[in-house]
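Below is one structure, written out as structure tokens, with a few remarks after it.
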Amino acid sequence: MDDSYGETGCVASELNVIPAPSRVELTGGSGPFSGNVRTDVDPSLGPEAYRLTVSADGAGIVGGDEAGVFWGRQTLRQMLGPEAFRRAPTAREPVTVPYVIVEDRPRFAWRGFMLDVARHFLPKDDVLRYVDLLAAHKLNVLHLHLTDDQGWRVEIRRHPRLTETGAWRRRTRLGWGTPPLWDERPHGGFYTQDDLREIVAYAAERHVTVVPEIDLPGHSQAAIAAYPELGNTDVVDTAALEVWTDWGITRNVLAPTDAVVRFYEDVLDEVLAVFPGRFVHIGGDECAKDQWRESPTAQARIRELGLENEDDLQSWMIRHFAHWLAARGRRLIGWDEILEGGLADGAAVMCWRWYAGGIAAAQAGHSVVMCPQQEVYLDHVQAHGPDEPVPFGWVHTLEDVYRFEPVPPRLAGTPYAANIIGAQANLWTEVAENRGRVDYQAFPRLVAFAEVAWSRLPGPDERDFGDFERRMNAAHYARLDALGVGYRPPTGPHPWQQRPGIPGRMHNKPRKTWRMAT
Ligand code: ACM
């Protein structure tokens, strides 16, 4: 690679670079992408691919489609230097870029980031900002976890109490200590349907698809607090339930009745009208079955449907929504628990528990997005050390994330590998209560993840993390500074990023590596 190009420290690109030892000033227009920057589309390049040429004439970006043009612009923006990441120009000197030909295309079609806006609400402006941050790193899916026990964040006009009641909780547990510590301030918020339409449209302009998640039948206590008839009223006084103030897995789950299914069809009808993307996420994770075991209504349902047990009852519910969505031209995606008891054809799986579910789903012909918590859960702590804020989970360093391999070795080289449609990094927000905490957890690790999801890197052991680190230090931290991202500095948290006194909870089981797990 040519030195002048190397200095630009591009990330999240698989660059086939033909250098020439000269530079050109990009000129004219109101921004960096007009004047002597030309764009074109040539479908023969393939989806999302691009060719970027910089020569004495200026820059040319040919995309396989409009998305490819857009990703090419992001690479050119990186070559323009950190100033190009500010909201208005500040450079006093003309900016020049080296002559190059870059040919680039993504490894995976789904390059995702999940933001949990249920545990802590993130205001709309912060979500829009995350769309910009994803786009700058060529990530193309924003998965919004919109509902959970601790909050319901999407306006549903037919069932207004979902947000009137379900969007607010009385107080919030601070971290994970015993005895519990509480922040006694009420917490909440929700997006109107127009807020979400705005986010969807803003994302579409940046070739990012927003995937909504309505989690069922577990992780639903906020909905039950709003509409007690959604819960298992024959085993618990659901009218006494509140939006949950604690963390973990609650026993309070949806009742497996036709009325509940109809209610969620109403919800999804409105969700489909707001989110035009193909995939709709219905959760399906961590559904405690205690109440179904105790509930005469649930047991009668199992008998009536000719099912074996409570796991099959969950499977019946998920299959119902898989068919319901398919009939409306959409595809269901859910956490890997939805495999238990069998899954409808066409449904896709998001694999978060090790790799086994993803391998089984891919072998059964389902599309799979790999996001194992052992590798790419960005709520997990990113370094050892006493100053890390609210340490949770396993330590996933920047290097660990850079060495994440989405295709398990058992599938590599088999036809099933093609069923791994992508990878995703997930950020749950029990201990990330605002934009600053989210930034700290996400960055810089999301940059490493973006490069893994886009590029064809060598296997984990052969990856040149030193080179990635060099590009981060030479250029990319300065871009994140220009963007105003509150990332974790390589030397550890700034004093204002620490959370002294708020206890975390580290996983005490050893973190298996993907090599052991596959
Ligand atoms: C999950 O982390 N419960 C999907």
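First listed ligand is number 1; within each ligand, the first listed atom is number 1.
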Subject >> Partner set under salt bridge (charged side-chain N to carboxylate O under 4.0 Å, His left out) for R119, not counting sequence neighbours >> reply: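 Checked R119 against salt bridge (charged side-chain N to carboxylate O under 4.0 Å, His left out); matches are D116, D148, E430.
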query = Hey, what do you get for CZ (R353) to CH2 (W335), rounding to the nearest 0.5 Å?
reply =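 CH2 of W335 is found 11.5 Å from CZ of R353.
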F190/F121 aromatic ring centres below 6.0 Å: no
Next item on the list: Mind checking side chain to side chain contact (heavy atoms under 4.5 Å, CB included) for E469 and listing every partner two or more places apart, or none if nothing turns up?
Entry: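 Per chain and number, E469 pairs via side chain to side chain contact (heavy atoms under 4.5 Å, CB included) with F465, N473.
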Taken in chain and number order and not counting sequence neighbours, the residues that satisfy side chain to side chain contact (heavy atoms under 4.5 Å, CB included) with V210 are L144, I199, V200, A203, F275
- prompt: Is there a side-chain contact between F279 and H143 (heavy atoms, below 4.5 Å)?
  reply: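 Not in contact.
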Distance filter under 4.0 Å, heavy atoms only, around ligand 1 gives D285, E286, W335, W352, Y377, W428
